[in-house]
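Have a look at the structure below before the remarks.
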Number of protein chains: 2
Amino acid sequence: MVTIREVAAHAGVGAGTVSRVINESAGVSPTTRARVLESIATLQYRPNPLARGLSRGRCQTIGVIVPFFTQASAIERLRGVVAALGGSRYDLVLFDVETPEHRAEHVATLNRQRADGLLVMSLPLADDELARIMATGMAVVLVDAQHEGLPAVVTDDTEGGRMATEHLVDLGHRRIGFMGDDPDNEFGFNSSALRETGYRVAMADAGITPDEALVLHGPHERGVGTELAGQLLSGPEPPTAIVCCSDVQAAGAIEAIRAAGLRMPQDVSVVGFDDIEMATHLGLTTVRRPLFHSGQLGARLLLEALGVHPPEPQVHELDLELVTRTSTAPPGATSEPQGETT
Amino acid sequence: MVTIREVAAHAGVGAGTVSRVINESAGVSPTTRARVLESIATLQYRPNPLARGLSRGRCQTIGVIVPFFTQASAIERLRGVVAALGGSRYDLVLFDVETPEHRAEHVATLNRQRADGLLVMSLPLADDELARIMATGMAVVLVDAQHEGLPAVVTDDTEGGRMATEHLVDLGHRRIGFMGDDPDNEFGFNSSALRETGYRVAMADAGITPDEALVLHGPHERGVGTELAGQLLSGPEPPTAIVCCSDVQAAGAIEAIRAAGLRMPQDVSVVGFDDIEMATHLGLTTVRRPLFHSGQLGARLLLEALGVHPPEPQVHELDLELVTRTSTAPPGATSEPQGETT
DNA sequence: CGTGGTATTGGAAGCGCTTCCACGTCGTGC
DNA sequence: GCACGACGTGGAAGCGCTTCCAATACCACG
């Protein structure tokens, strides 16, 4: 491992001068600079990022805290982050959160030296957790979460739930079920609850009182979607349409519909949420979340926040969009609906 | 930011003692240890990882070099890595490689201080690149790539190509097309070429001389799959089956088949490669690669290599498996095939 | 020829940690 | 009562870098 001192010795200058050259600081004569650069090339010198970081107090790394890295939606966001970071000089450290303990651990461990900035995805951090992070001086940007005084990239989940439900109402459905995440999940995710609110708003707007037996909750898993949908469909008065708060649960629901020997959309319509790739293949009507874009924008905001002129924290709301495919139709429709939007 | 010295002062001991406590080194009396731990808790002290790394010469981080982070197969592997790293004390730094320049840059930048170990995915690194990496003393594990003297996790691509083709031959196909990656791609990926070899082996075994007009190449993209398949199908003597060297290209091929007004599998059978999630939804018969498992195993091997007793470098070959779904059937089959394997 | 800048430069200090060495302070065996 | 380990412990040195300060050289000007 070549050190800066060896380079200095080789070039016949002081260590400080070499440092000035690598950092492109002003005040090095062109002659000296050239000599130093040559020595660097000859010796194949690479500055030690750790030493640099220790000395400068920052490490050219941004951390991404992402719950359930294994979920398609998280991946899509991460893709956006990677894309945005592509051109920058920052490395990306991944903190996967699968349990509340993970989160606590990461928050506790985190400090300025691990990452200069932090992208927090989907996790509604508690006040004290955020306070601790802020105390380290790290720049923080939230994606799919919100907190006073912090820049954030969000979507309107309530509106999304409303859009999905309204679409079904417009098609003529009255008995509409809803499947969402557990409202009292251990992470404090609340987007599902908001979507449920949107569902209720749309129902109310249409003058329908939701049948509480048609509103079910369970973990964000495909199998759970199958199970919940099975429950809905086997009831005394099954719904003619189901709003799912994720494409994953919707995929499960579709399985349940097939298993029950029912047809989609003739017997049951299904709307999902997210528009992950799978939705295209399933022909799933869904509320598209700008996942990639949100990750990308979040990373950009973070880079800005780390820059020379950090802008005022601002909340960026990205639009949701209803993508109509073949999983929804008027209740009791007899013919296959035509045309698939990709 | 609390430093080790402040903790030492608070506990009335020397900095060395505090260090010994955090690192659980022997030689600290229980009384002192308790006092120090209390001070740490009171002051909420967190060791600075940079300083620690600088001092110890390692940074508790492993790097993952992954080309085309945006590809489903890469993601699946990464999931495995994250899973394997879950319990360890190592952080994960992601190096995305989208262009050969990226790769060169990463290899140049990399040094021991950035990561203690390196997981190289799918990238056939050149000798000099590897030499440079090895010179840093980093532990290296290859996944889906191989190099003398390095631990690796691989699959037999030739055998995979053979399996896929044999399956079609067994079904009675004779005119079988092949679609693969560009053989002279800028990264030096060769798995597609190996699969093509397997295809030729299977054809030869069946006594069939492949029609070179049915062997096409193009970038690993869905759109390209559509295009190539379109070409195959519009020829004077279209194939009755196509072996695709990835599920992504296969998905494109399926589109082309639909677009051409043909039926799958009655008119054309399709076999993919990878078994990404999409394959299930497409009903795609495919050669399953143990993607998750390979990432997980790779990460485990790396952790072992970083451990106290690094094992001898070893090449671990994981099995491929043909997953039969509804995209393949005997040529000219009249009835929908039954039963879907998930 | 003296004065005050400006342009370069070397090198010490310090970032926060680990680790090694030296220094007590005991307890033990004689 | 003394020598000798073993055990705890403090603290200096050093990891490789940045950055600041002082020093030098050089210039133009009067």
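When reading the values below, keep in mind they use all heavy atoms of this one structure, side chains included, and skip hydrogens, waters and symmetry mates. It should be emphasised that the depicted structure is a prediction, and the values quoted were computed from it without experimental measurement.
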If you only use heavy atoms from C-beta on, which nucleotide in [options] is closest to the side chain of [X]?
| X | options | value |
| --- | --- | --- |
| B:Arg56 | C:dT18, D:dT9, D:dT19 | C:dT18 |
| B:Asn23 | C:dC20, C:dT9, C:dT18 | C:dT18 |
| B:Thr3 | C:dC17, D:dT9, D:dG16 | C:dC17 |
| B:Ala51 | C:dG10, C:dT18, C:dC17 | C:dC17 |
| B:Arg20 | C:dT19, C:dG16, D:dG11 | D:dG11 |

### Task
Begin from the C-alpha positions of A:Val66 and A:Val97 and carry the test side-chain contact (heavy atoms from CB on, under 4.5 Å) through to its verdict.
CA-CA 6 Å; A:Val66 45; A:Val97 173; over 6 Å; no
### Query
Toward the 5' end of DNA chain C, which comes first, A:Pro30 or A:Gly16, by nearest nucleotide?
A:Pro30
### Side-chain N or O of A:Ser29 closer than 4.0 Å to phosphate OP1/OP2 of C:dA7
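Checking C:dA7 against A:Ser29, no side-chain N or O comes under 4.0 Å of OP1 or OP2.
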### Message
Salt bridge or not between A:Arg79 and A:Glu76? Use side-chain N to carboxylate O under 4.0 Å.
### Response
yes
### Task
Please report the closest heavy-atom contact between B:Gly188 and B:Pro124, naming both atoms and the distance.
O-CG, 3.1 Å
### Message
How close do B:Arg289 and B:Arg77 get, counting heavy atoms only, and between which atoms?
### Response
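Distance-wise, the nearest heavy atoms are NH1-NH2, 3.4 Å.
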How close or far is atom [atom2] of [N] from atom [atom1] of [X], stated in whole angstroms?
| X | N | atom1 | atom2 | answer |
| --- | --- | --- | --- | --- |
| A:Leu50 | C:dG14 | CG | C1' | 17 Å |
| B:Ile4 | D:dA12 | CD1 | P | 15 Å |
| A:His10 | C:dG10 | NE2 | C1' | 19 Å |
| B:Glu6 | C:dC17 | CD | C1' | 14 Å |
| B:Arg114 | D:dG16 | CZ | P | 16 Å |
| A:Arg52 | D:dC15 | CZ | P | 19 Å |
| A:Arg58 | D:dT18 | CZ | P | 10 Å |
| B:Leu54 | C:dT19 | CG | C1' | 13 Å |

Under 3.5 Å, is there any donor-acceptor pair linking the side chain of [X] to the base of [N]?
| X | N | value |
| --- | --- | --- |
| B:Arg46 | C:dG16 | no |
| A:Arg5 | C:dG11 | no |
| B:Ser55 | D:dG14 | yes |

### Task
Return yes when atom CD of A:Glu317 has more than 12 non-hydrogen atoms of other residues, nucleotides or ligands closer than 6.0 Å, and no otherwise.
yes
### Task
Scan B:Thr32 against the nucleic acid and name what it touches under 4.0 Å (heavy atoms): base, sugar-phosphate only, or nothing.
sugar-phosphate
